[in-house]
Amino acid sequence: MLYHPAIGDIRAQVPRIGLIAAMVAAAFTLLSIAGQRAELPSERWYRVSRQQVMQADLAWHLGESLERVLRRAALTIGDAPWLLKERGVAVWERRVLRARPSHAAAYRLGVIYGHRGYPEQSADMLTLAASLDEASADFYHALAEVYSDRGLSAEQLREKARIIAGRTGWLIDIVLADCYRKLDEEVALRAVRERQYRRAARFLGGFAAISALGTMLVLVGVGTLVGLLRQALSLPRPRARVPFIVPWTVIDIAEAVGVLVFAMALGGWLLPIAVGRLALSEQSSVVRPLVLMMHYVLVSGLTIGVILYRVAPRSSHPLRSLGWRFRRALSLAGTGVAGYGVFVTVMVLVALVASYVLGQSLPLAQTAEEVIGSARNPAEVAIFFVLVCIMAPVFEELIFRGYVYGGLRRVLPSRHAIIIGGALFAAVHLNAEAFAIIGLIGVLLCYLYERTRSLLPGMIAHGVHNGMVLAVVLLQSM
């Protein structure tokens, strides 16, 4: 009999191994056919990392918002707002001049150049954006005509304004204000300017809240790091943690991961067909986030069902075996916040060092505006909050820390299990562009589980991270 402690009787497991391989192959086949899958909103933080416009957007927003609010309050703080806006423009320009230019940066530069009275440069940038983002080429060409130096008639300009007004966003308001100014339509211009002021006030409020929370997390992280360093210097080297005693093996982990990946691919392919194109169109409101939630619950529920099917016959307390231990909940929650504070502190230090060495800012993560940024009412935001800040931490910690990491820890030392667990967590997200940052988050969550043997710290850290993501995505799209 061929036997391996991580698998069991190898010959007896051959059918399961074949089934797992078939599920993974079918999943990637479905993904290649469909070309996309229904993504979680939390993944929008990483979706277009190659565009790299988040920091520039936030700098421009902050400068523009300060200008508008201070102007209405008849206050001034010198050149700080102008310098922030110029910093944003400089970063967009660097993104455009790279070997792989960013269509998002070209779009922003096209509007800003046109707004500042540089029609030729505006046309060049908008043409570049159209060549890189062919699906929106007509929109970019309409913007180029608005800012062209060949004079449009009043009727032509009104027609362009009607087309552009079909979209929303801070760039759209800049273009509409320029259109209405050319048309001498004071009522429409005042409405746009009032909307810009309200957006600026909301942005400043949100920026202050996120900055305060980020500062608090960094302070907690610094304090935790100092405490850990003092412990390391004053205490003897701790003994290695004993392996996890769990009633499942690596082959069971592979089965659960195979089911998860296959369900993600199949659900992402079938759900849009089931609800129809209308439900996923731009005109839909609460339907789109509800469809994403439905997809996530079905995929996670199926995977957890398979896990419980394997664990329940072998354990008198299946959930407890998976790390569902919440005794001393306040202390465990504090460990989760402290752990995430350390993560944020380390990432800030990495960004500062990279900025000093490379001479430019290094984005830690990026976002797109297509899903969360398009939320138009509190109900949509509430659905996204429940999905990414409550459901995702609970389901993903059960699957990836309770089951996957627990099984790995049965046969591997903690260091190896933490690294492999973090890598698997990143790989299952099917996002090569963000593999490193998701993997680092996975490593943190595995470490928290290793240290406490409870899922609660990871759930807290995971929820705080996704909450910060959601807040920044909404802030960027204001």
Side-chain angles (χ1 to χ4, degrees), residues 53-93 105 107-118 122 143 146-147 161 164-165 167-219 348 361 367 369 372-378 380-381 385 467-478:
V53 294
M54 175 184 286
Q55 292 183 346
D57 281 7
L58 293 176
W60 173 275
H61 276 318
L62 183 57
E64 182 78 1
S65 298
L66 285 171
E67 276 187 354
R68 291 187 182 280
V69 172
L70 292 174
R71 187 185 305 124
R72 181 166 292 195
L75 298 173
T76 182
I77 55 173
D79 294 335
W82 179 81
L83 291 173
L84 284 167
K85 292 167 67 175
E86 291 307 301
R87 179 180 179 182
V89 172
V91 174
W92 290 328
E93 288 174 340
Y107 166 41
R108 287 153 172 75
L109 286 174
V111 172
I112 299 304
Y113 286 162
H115 174 69
R116 292 181 170 182
Y118 303 104
S122 174
L143 291 175
V146 168
Y147 288 118
I164 294 166
R167 301 199 178 201
T168 58
W170 59 278
L171 281 166
I172 299 301
D173 280 347
I174 291 175
V175 179
L176 288 176
D178 292 336
C179 287
Y180 296 142
R181 190 181 300 108
K182 291 180 180 179
L183 292 167
D184 291 327
E185 294 185 0
E186 288 297 325
V187 174
L189 179 60
R190 281 198 300 271
V192 172
R193 285 177 172 170
E194 185 61 30
R195 188 164 63 235
Q196 290 177 311
Y197 174 78
R198 290 196 301 270
R199 178 179 285 115
R202 289 197 305 271
F203 178 89
L204 289 179
F207 184 84
I210 293 173
S211 298
L213 179 57
T215 301
M216 183 179 68
L217 287 170
V218 169
L219 292 175
V348 169
S361 59
T367 184
E369 301 173 1
I372 297 179
S374 64
R376 292 185 289 274
N377 58 60
E380 292 177 84
V381 175
F385 176 82
M468 293 286 286
V469 167
L470 178 62
V472 173
V473 171
L474 292 171
L475 184 68
Q476 186 200 16
S477 63
M478 282 184 176

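Along the sequence shown, the residues carry numbers beginning at 1.
Counting heavy atoms from C-beta outward, Leu171 and Val175 have side chains that stay 4.5 Å or more apart. At a threshold of 4.5 Å between non-hydrogen side-chain atoms, the residues Lys85 and Val89 do not count as touching. Side-chain contact between Ile112 and Ile174 is present, with at least one heavy-atom pair separated by less than 4.5 Å. Between Thr168 and Asp173, the closest side-chain pair of non-hydrogen atoms is not below 4.5 Å. Within the 4.5 Å cutoff, the side chain of Trp170 has heavy atoms near those of the Arg108 side chain. Counting heavy atoms from C-beta on, the side chains of Leu84 and Trp60 never come closer than 4.5 Å. Using a 4.5 Å heavy-atom cutoff, the side chains of Arg202 and Arg198 are in contact. Taking the side chain as every heavy atom from C-beta outward, Tyr107 and Leu143 approach each other to under 4.5 Å.
Nearest heavy atoms, Ala56 versus Gly88: CB-O, 3.5 Å. Contact record, Gly110 with Ser122: O-OG, 2.6 Å, taken as the closest heavy-atom pair. The nearest pair of heavy atoms linking Cys179 to Val146 is SG-CG1, 3.6 Å. For the residue pair Leu189 and Ala177, the shortest heavy atom distance occurs at CD1-O, 3.4 Å. Heavy-atom minimum distance, Pro81 versus Leu66: CG-CB, 4.0 Å. Counting all heavy atoms, side chain and backbone alike, Met468 lies closest to Ile210 at CE-CG2, 4.4 Å.
In this structure, CG in Leu470 is found 11.0 Å from CG in Leu475, a value given to the nearest 0.5 Å. In this structure, the separation between CG on Leu62 and CD on Glu67 is 10.5 Å, given to the nearest 0.5 Å. With values rounded to the nearest 0.5 angstrom, Glu93 atom CD is found 3.5 Å from Tyr113 atom OH.
A salt bridge links Arg68 to Glu64: one of the charged nitrogens lies within less than 4.0 Å of a carboxylate oxygen. Remark: Arg193 does not engage Glu186 in a salt bridge, criterion side-chain N to carboxylate O under 4.0 Å.
Using cut-offs of 30° and 60° for the angle between ring planes, the Phe203 and His61 rings count as tilted.
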message = If you apply the rule side chain to side chain contact (heavy atoms under 4.5 Å, CB included), what do you find for Arg87 with Leu83, and how did you get there?
response = CA-CA 6 Å; Arg87 179 180 179 182; Leu83 291 173; over 6 Å; no
key: Check against side chain to side chain contact (heavy atoms under 4.5 Å, CB included), Tyr147 and Asp178   = CA-CA 9 Å; Tyr147 288 118; Asp178 292 336; 2.5 Å; yes
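With a 6.0 Å radius and a threshold of 12 heavy atoms from other residues, nucleotides or ligands, Tyr180 has its OH atom above the threshold. By the 6.0 Å contact criterion, CZ on Phe385 is open, its count of non-hydrogen atoms from other residues, nucleotides or ligands being 12 or less.
In this structure, Thr215 contributes its side chain and Ser211 its backbone to a donor-acceptor pair below 3.5 Å.
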